[in-house]
*Asks:* 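After the structure tokens below, expect a handful of questions from me.
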Protein chains: 2
Amino acid sequence: MSNQERGNERWCCSPVTGEPLSAEQATDLSAVFKALGDPVRLRLLSLIAAHAGGEACVCDLSGAFDLSGPTISHHLKVLREAGAITGERRGTWVYYRVLPETLQRLSAVLGPAPAVSTSA
Amino acid sequence: MSNQERGNERWCCSPVTGEPLSAEQATDLSAVFKALGDPVRLRLLSLIAAHAGGEACVCDLSGAFDLSGPTISHHLKVLREAGAITGERRGTWVYYRVLPETLQRLSAVLGPAPAVSTSA
DNA sequence: GCCTTGGTTAGACATCTGTCAATGTAGAAG
DNA sequence: CTTCTACATTGACAGATGTCTAACCAAGGC
């Protein structure tokens with residue numbers, strides 16, 4: 001089996017308790033987990049997600065950390081490249097927002113996830 | 001690790017879309033995400049979870065990788081220390097199994113929570 | 001006792017990662 | 001055009017991480 005293309009095979013999958021991940025699926029998913037595997041990035045993500053309007057500019061975020069601007073910028077880039085967030089420039093500021101489908105994918109893999117409404 | 005004050009404060013939390021994680025929660029959770037942030041470990045986890053009986057010995061696992069025994073052992077240790085799996089020796093073999101509550105905790109944080117109230 | 005098999009531990013080493021200071025860029029405001 | 005603010009990129013560096021080989025421990029079987 002497993003003639004996986006970038007379709008469902010590779011991106012969506014039953015929980016790990018179902019059948020084992022292929023090497024490709026694991027590589028793919030672990031890249032996102034890795035991005036979340038840093039306290040700063042995980043907090044950045046949650047700050048963005050929880051911010052009013054579902055988006056936040058860097059200026060809203062950097063105040064929560066004792067880190068330099070470039071470091072925050074670096075972490076945001078990692079999250080962006082992992083597909084966890086997107087950034088859009090509006091005027092002087094850059095607004096970030098979460099990409100829910102990426103997080104849902106992880107959630108689905110991890111577990112018996114709370115019954116999600118909108119089908120698979 | 002083990003006995004942290006398991007008041008819901010630190011261990012359980014609403015999805016990131018709810019309210020931002022505290023620094024401690026983020027540190028705690030990111031450690032587990034980090035453990036899953038490696039293709040080999042993620043596949044190990046899924047192989048264990050999907051194995052018959054919910055457990056697998058190292059001999060069942062190492063065949064799936066082009067890695068030395070010690071390397072597999074190292075990854076299993078990382079997963080164990082992150083609280084994702086446990087290992088138990090029975091006779092000659094060591095059997096590993098998944099700790100579902102850890103995975104569920106991650107899933108809960110990531111999850112868009114069943115459409116409760118879309119307050120934001 | 002002595003091997004053999006299954007697995008972990010200990011070092012060693014190259015690569016990756018998080019951080020910062022310095023510099024660069026995009027837009028707004030004089 | 002110049003300058004200021006908001007962010008990003010570059011380059012450097014210490015520390016973490018993944019991998020290996022070699023050595024070690026545990027359980028059986030001879």
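Each chain gets a letter, A, B and so on, in the order its sequence line appears, and its residues count up from 1. Model, not experiment: these values are computed from the prediction.
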*Asks:* Side chains of B/L110 and B/F33: closer than 4.5 Å at any heavy-atom pair?
*Replies:* yes
*Asks:* Decide if atom CD of A/E101 counts as having more than 12 heavy atoms of other residues, nucleotides or ligands within a radius under 6.0 Å.
*Replies:* no
*Asks:* What is the separation between atom CG on B/L76 and atom P on D/dT19, rounded to the nearest whole Å?
*Replies:* 12 Å
*Asks:* Is the backbone N or O of B/S107 less than 3.5 Å from a side-chain atom of A/S107, with the two atoms forming a donor-acceptor pair by type?
*Replies:* yes
*Asks:* Look at A/H74 and D/dC7 and indicate whether a side-chain polar atom (N or O) is within less than 4.0 Å of OP1 or OP2.
*Replies:* no
*Asks:* For A/G37 and A/R90, take the nucleotide of DNA chain C holding the closest heavy atom to each; which residue's nucleotide lies nearer the 5' end?
*Replies:* A/G37
*Asks:* Scan residues 58-71 of chain A against DNA chain D and write down, sorted by residue number, each residue with any heavy atom closer than 4.0 Å; if none is found, say none.
*Replies:* A/V58, A/C59, A/P70
*Asks:* Would you kindly give the CZ-to-P distance between A/R89 and D/dA8, to the nearest whole Å?
*Replies:* 8 Å
*Asks:* Mind checking what makes side-chain hydrogen bond (donor to acceptor under 3.5 Å, both in side chains) contact with A/H75, not counting sequence neighbours?
*Replies:* A/R41
*Asks:* Is there any side chain to side chain donor-acceptor pair (under 3.5 Å) pair reaching into residues 54-68 of chain B, and which pairs are they, with sequence neighbours excluded?
*Replies:* B/E55-B/R90, B/E55-B/R97, B/S68-B/T71
*Asks:* What is the distance from NZ of A/K34 to C1' of D/dT17, rounded to the nearest Å?
*Replies:* 9 Å
*Asks:* Checking all strands, does B/Y96 fall into the base, sugar-phosphate, or nothing category for heavy-atom contacts under 4.0 angstrom?
*Replies:* sugar-phosphate
*Asks:* Could you list the residues that satisfy salt bridge (charged side-chain N to carboxylate O under 4.0 Å, His left out) with B/R89, not counting sequence neighbours?
*Replies:* none
*Asks:* Shoot me the first and last contacting nucleotide of DNA chain C against chain B, ordered 5' to 3', at under 4.0 angstrom to non-hydrogen atoms.
*Replies:* C/dG6 to C/dT9
*Asks:* CD of A/E81 versus P of D/dA8: gap in Å, rounded?
*Replies:* 12 Å
*Asks:* Could you state the atom-to-atom distance from CZ of A/R80 to P of D/dC7 in whole Å?
*Replies:* 13 Å
*Asks:* Could you check if a side-chain atom of B/L76 sits within less than 4.5 angstrom of a side-chain atom of B/L61, using non-hydrogen atoms only?
*Replies:* yes
*Asks:* D/dT17 P sits how many Å from B/K77 NZ, rounded?
*Replies:* 13 Å
*Asks:* Nearest to the side chain of B/R41 - D/dA27, D/dG18, D/dC7?
*Replies:* D/dG18
*Asks:* What integer distance in Å separates B/L79:CG from D/dT17:C1'?
*Replies:* 14 Å
*Asks:* Could you work out, with side-chain contact (heavy atoms from CB on, under 4.5 Å) as the rule, every residue matching B/A23, not counting sequence neighbours?
*Replies:* A/R43
*Asks:* I'd like to know if the side chain of B/T102 and the backbone of B/G83 have a donor-acceptor N/O pair within less than 3.5 Å.
*Replies:* yes
